[in-house]
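Please read the structure below before turning to the comments.
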Amino acid sequence: MPAAILAERQFQGRKWPVHYAAVEPFAIAADIATITASSVLSGFLYHLQDAAGANDVSKSVGLAILVSALFVSMMKIRGMYRPAELLILPRQIRAACLTWITAFLVLAGALFALKIGSEFSRGTSIVFAIFGIMALILNRRITEYLLAKGLAEKRFSGRNVVLITDDAGKDNAGLAQALTDTGFRVKRHFLLPEPGADPNQRQHIVSSVIDYVRGSDIEEIVVGASPAPWSDLRTLGAELRVLPFPVSFVPVGTASEIFKRPRRELGSAVCVELHRGLMSPLEHATKRLMDVVMAGMALALLSPLLLLVAIAIKLDSQGPVLFRQQRCGFNGRAFQIYKFRTMYVLEDGPSIVQARIGDSRFTRLGAWLRRTSIDELPQLLNVLNGSMSLVGPRPHALAHDNEFDKLVRNYAFRRRVKPGLTGWAQVHGCRGPTPTRASIEQRVEFDLWYIDNWSLSLDIAILLRTPIELIRGDNAY
């Protein structure tokens with residue numbers, strides 16, 4: 001017994017004065033402190049070169065507050081401060097970089113719109129942008145190391161708990177291990193009788209729990225069970241009310257999946273979303289604003305190129321400059337897509353032959369336009385009129401869409417969002433025709449992943465990766 005007590009004291013001595021539940025607020029506070037320190041230090045370092053210039057610390061702090069609010073809010077919305085996410089370093093670095101870029105773009109747009117950009121030093125802002133993201137990446141590396149160390153060595157502090165489970169299955173064994181890993185000390189484990197057992201057995205166990213907890217150092221009771229026999233669990237909770245401690249319920253088993261679904265109020269009832277919509281009204285408005293602004297800017301900047309291509313198409317072969325074809329868009333609605341004409345034919349009907357290498361239908365200029373994807377640029381007009389987005393699943397001709405819908409399971413799920421000029425599948429090399437069932441299945445898999453994991457920073461990442469994919473030119477013909 002003395003040896004056991006000594007081991008327990010040594011174990012307690014290794015504990016950190018940090019609860020596992022405090023990991024998320026600590027990570028948020030660390031980011032805010034990192035951003036603020038980076039801003040102030042960047043202002044100081046930049047103004048060292050200018051002996052006559054004075055570093056305005058208040059402006060550096062003000063800029064840090066604005067950037068911190070944007071950065072932390074976007075990371076929080078994406079759930080990147082959850083401990084499970086903090087342990088995945090590559091995803092953290094990718095999310096931090098994309099969110100950092102997004103925050104600066106949003107801030108730059110706001111300052112330009114309010115005409116107060118001159119209040120902030122351009123040089124200081126550039127140094128801050130570079131130094132800040134380096135500091136945030138270092139911060140994430142340290143956080144990942146400390147969190148992994150704390151879990152592996154059980155360093156987190158936690159309450160003394162009593163665990164009550166409905167059986168000794170693997171789900172409950174995992175629950176006990178999870179409690180231990182996150183700092184809770186399971187002092188005693190009680191097993192509930194099987195459903196339908198003699199009520200006296202359950203009453204005996206409840207009495208044993210109450211007798212054990214009274215006068216002990218227990219701080220919480222955790223009940224891990226299937227939520228199916230809810231009436232019995234509710235009775236158990238009522239019987240444990242005689243104890244002045246919180247009683248927490250952890251659902252396990254197949255019936256627990258409903259607790260993982262998003263919930264919202266529907267009048268006086270609670271509504272569980274079995275199939276959640278992609279974007280909230282605010283997210284939809286933000287994505288649409290980005291589409292309009294970036295498509296408008298791209299058309300303005302590329303107008304000389306578009307004009308030259310239009311003239312070249314006219315000189316190269318007879319026919320219209322633009323090719324129009326019916327495509328399947330959001331919610332299955334048909335729309336007319338615009339492309340530069342690259343073929344002698346203008347197919348748009350129930351039967352369309354996909355392009356192939358060395359296709360005799362290509363014009364002399366058309367093969368080059370398709371290989372460089374310049375023929376897709378008129379789709380910026382589709383983005384402006386709202387039938388397409390900059391990023392989303394690529395639309396197919398109606399004839400092919402109907403065919404793929406019959407071949408590939410969940411193909412219709414792609415229509416939950418607007419089709420895009422580029423997409424997650426395209427930056428992974430899925431470009432050009434889809435001659436086999438496997439090729440379209442792979443493309444659909446990428447598209448569905450994009451739909452389920454959409455975020456504004458993901459859209460920006462895809463837009464940044466698209467030029468690299470265009471230069472590689474894989475599968476483009």
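What you see is a predicted model; the values in this text were computed from it and never measured.
Remark: side-chain polar atoms of Ser389 are not paired, donor with acceptor, to backbone N or O of Gly392 under 3.5 angstrom. In this structure a side-chain-to-backbone donor-acceptor pair under 3.5 Å is missing from Thr422 to Thr466. Side-chain atoms of Glu220 do not come within 3.5 Å of backbone N or O of Arg159 as any donor-acceptor pair. Without hydrogens or angle criteria, Arg91 side chain to Leu86 main chain gives no donor-acceptor distance under 3.5 Å. Side chain of Ser387 to main chain of Asn382: a donor-acceptor pair is present (N/O by atom type, distance under 3.5 Å, no hydrogens or angles). Using modelled atom types, one side-chain atom of Thr36 and one backbone atom of Ile32 make a donor-acceptor pair closer than 3.5 Å. Under a 3.5 Å cut-off, the side chain of Arg82 and the backbone N or O of Ala84 do not form any donor-acceptor pair. Within the 3.5 Å criterion, the main-chain N or O of Ala135 finds no donor-acceptor partner in the side chain of Asn139. Using a distance-only test at 3.5 Å, with no hydrogens or angles considered, a donor-acceptor pair links the side chain of Lys287 to the main chain of Val391. A donor-acceptor distance shorter than 3.5 angstrom exists from the side chain of Ser303 to the backbone of Ala300, with no hydrogens or angles considered.
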Which pairs would a plain distance check flag for residues 96-104, meaning a side-chain donor or acceptor within less than 3.5 Å of a matching protein atom at least two apart in sequence or in another chain?
residue, atom, partner, partner atom, Å
Thr99, OG1, Ala95, O, 2.7
Trp100, NE1, Ala129, O, 2.8
Thr102, OG1, Leu98, O, 2.8

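Summarising the geometry, atom OG belonging to Ser455 is positioned 4.5 Å from atom CG belonging to Leu458; distances are rounded to the nearest 0.5 Å. Here the OG1-CH2 distance, from Thr363 to Trp368, works out to 11.5 Å after rounding to the nearest 0.5 Å. With rounding to the nearest 0.5 angstrom, the CZ atom of Arg414 is 8.0 Å from the CG atom of Leu448. Expressed to the nearest 0.5 Å, how far CG of Asn331 lies from CZ of Arg415 amounts to 9.5 Å. Atom CE of Met294 sits about 8.0 Å away from atom CG of Leu105, to the nearest 0.5 Å. We find the CG-OG distance between Leu66 and Ser68 to be 9.0 Å, quoted to the nearest 0.5 Å.
Closest approach of Phe128 to Ser42, counting heavy atoms only: CA-OG, 3.3 Å. Taking every heavy atom of both residues into account, Pro467 and Leu464 meet most closely at CD-O, 3.3 Å. Contact record, Ser60 with Gly43: OG-CA, 4.2 Å, taken as the closest heavy-atom pair. Ser39 and Ala64 get closest at one heavy-atom pair: CB-CB, 3.7 Å. Minimum interatomic distance between Ala295 and Val383 (heavy atoms only, all atoms of both residues): CB-CG1, 3.7 Å.
Checked for salt-bridge contact, Arg416 and Asp452 meet the test: a charged N lies under 4.0 Å from a carboxylate O. In this structure, Arg394 pairs ionically with Glu376, as a charged nitrogen and a carboxylate oxygen lie closer than 4.0 Å. Ion pairing between Lys418 and Asp291 fails under the 4.0 Å rule for side-chain N and carboxylate O.
Between Ile311 and Val321 there is no side-chain heavy-atom pair separated by less than 4.5 Å. Using a 4.5 Å heavy-atom cutoff, the side chains of Met290 and Leu456 are in contact. Proximity of Asp31 to Arg140: side-chain heavy atoms (C-beta onward) are separated by under 4.5 Å at one or more points. Contact of the Val72 side chain with the Tyr81 side chain is registered, since non-hydrogen atoms from C-beta on lie closer than 4.5 Å. Considering only heavy atoms from C-beta on, Pro83 comes within 4.5 Å of Leu147 through its side chain. Counting heavy atoms from C-beta outward, Asn453 and Tyr450 have side chains that stay 4.5 Å or more apart. Counting only heavy atoms from C-beta outward, the side chains of Thr342 and Phe323 never approach each other to under 4.5 Å. Here the side chains of Gln326 and Phe335 are not in contact, with every heavy-atom distance at 4.5 Å or above.
More than 12 non-hydrogen atoms from other residues, nucleotides or ligands lie less than 6.0 angstrom from NZ of Lys339. For CZ of Phe26, the number of neighbouring non-hydrogen atoms (other residues, nucleotides, ligands) closer than 6.0 Å is 12 at most. Within 6.0 Å of the OH atom in Tyr344, the count of heavy atoms belonging to other residues, nucleotides or ligands exceeds 12.
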Should Asp459 and Trp454 be marked as a side-chain hydrogen bond (donor to acceptor under 3.5 Å, both in side chains) after you check the CA-CA gap, both sets of side-chain angles, and the distance that decides it?
CA-CA 8 Å; Asp459 274 4; Trp454 178 87; 3.1 Å; yes
Could you go through the side-chain hydrogen bond (donor to acceptor under 3.5 Å, both in side chains) check for Ser317 and Arg341 one step at a time?
CA-CA 10 Å; Ser317 60; Arg341 182 175 59 84; 3.0 Å; yes
Output, in order, the C-alpha distance, side-chain angles, deciding distance and verdict of side chain to side chain contact (heavy atoms under 4.5 Å, CB included) for Leu136 and Phe71.
CA-CA 11 Å; Leu136 286 170; Phe71 181 84; 3.8 Å; yes
Please report the C-alpha distance between Leu384 and Leu380 in whole Å, then the side-chain angles of each, then the deciding distance to 0.1 Å, and finally whether the side chain to side chain contact (heavy atoms under 4.5 Å, CB included) criterion is met.
CA-CA 6 Å; Leu384 285 180; Leu380 291 168; 5.9 Å; no
Using the rule given for side-chain hydrogen bond (donor to acceptor under 3.5 Å, both in side chains), can you reason through Arg327 versus Gln325, listing the C-alpha separation, both sets of side-chain angles and the distance that settles it, and then say yes or no?
CA-CA 6 Å; Arg327 297 287 174 99; Gln325 189 179 69; 2.7 Å; yes
Show, in sequence, the C-alpha distance, side-chain angles and deciding distance for Asp447 and Tyr411, and conclude whether the side-chain hydrogen bond (donor to acceptor under 3.5 Å, both in side chains) test is met.
CA-CA 9 Å; Asp447 290 338; Tyr411 178 83; over 6 Å; no
Derivation of the side chain to side chain contact (heavy atoms under 4.5 Å, CB included) call for His396 and Ile440
CA-CA 11 Å; His396 298 121; Ile440 187 60; 3.8 Å; yes
Intermediate values then yes/no, side chain to side chain contact (heavy atoms under 4.5 Å, CB included), Val293 and Met297:
CA-CA 6 Å; Val293 171; Met297 292 176 58; 3.9 Å; yes
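Ile374 pairs in a side-chain contact (heavy atoms from CB on, under 4.5 Å) with only one of the listed residues (Leu306, Leu302, Leu369), which is Leu369. Exactly one residue among Glu445, Arg443, Glu469 makes a side-chain contact (heavy atoms from CB on, under 4.5 Å) with Cys430. That residue is Arg443.
For Trp230 and Phe249, the gap between ring centers is short of 6.0 Å.
Looking at residues two or more places apart in sequence or on another chain, you find a ring pair (Phe, Tyr, Trp, His ring centres under 6.0 Å) between Phe156 and Trp16, Tyr20.
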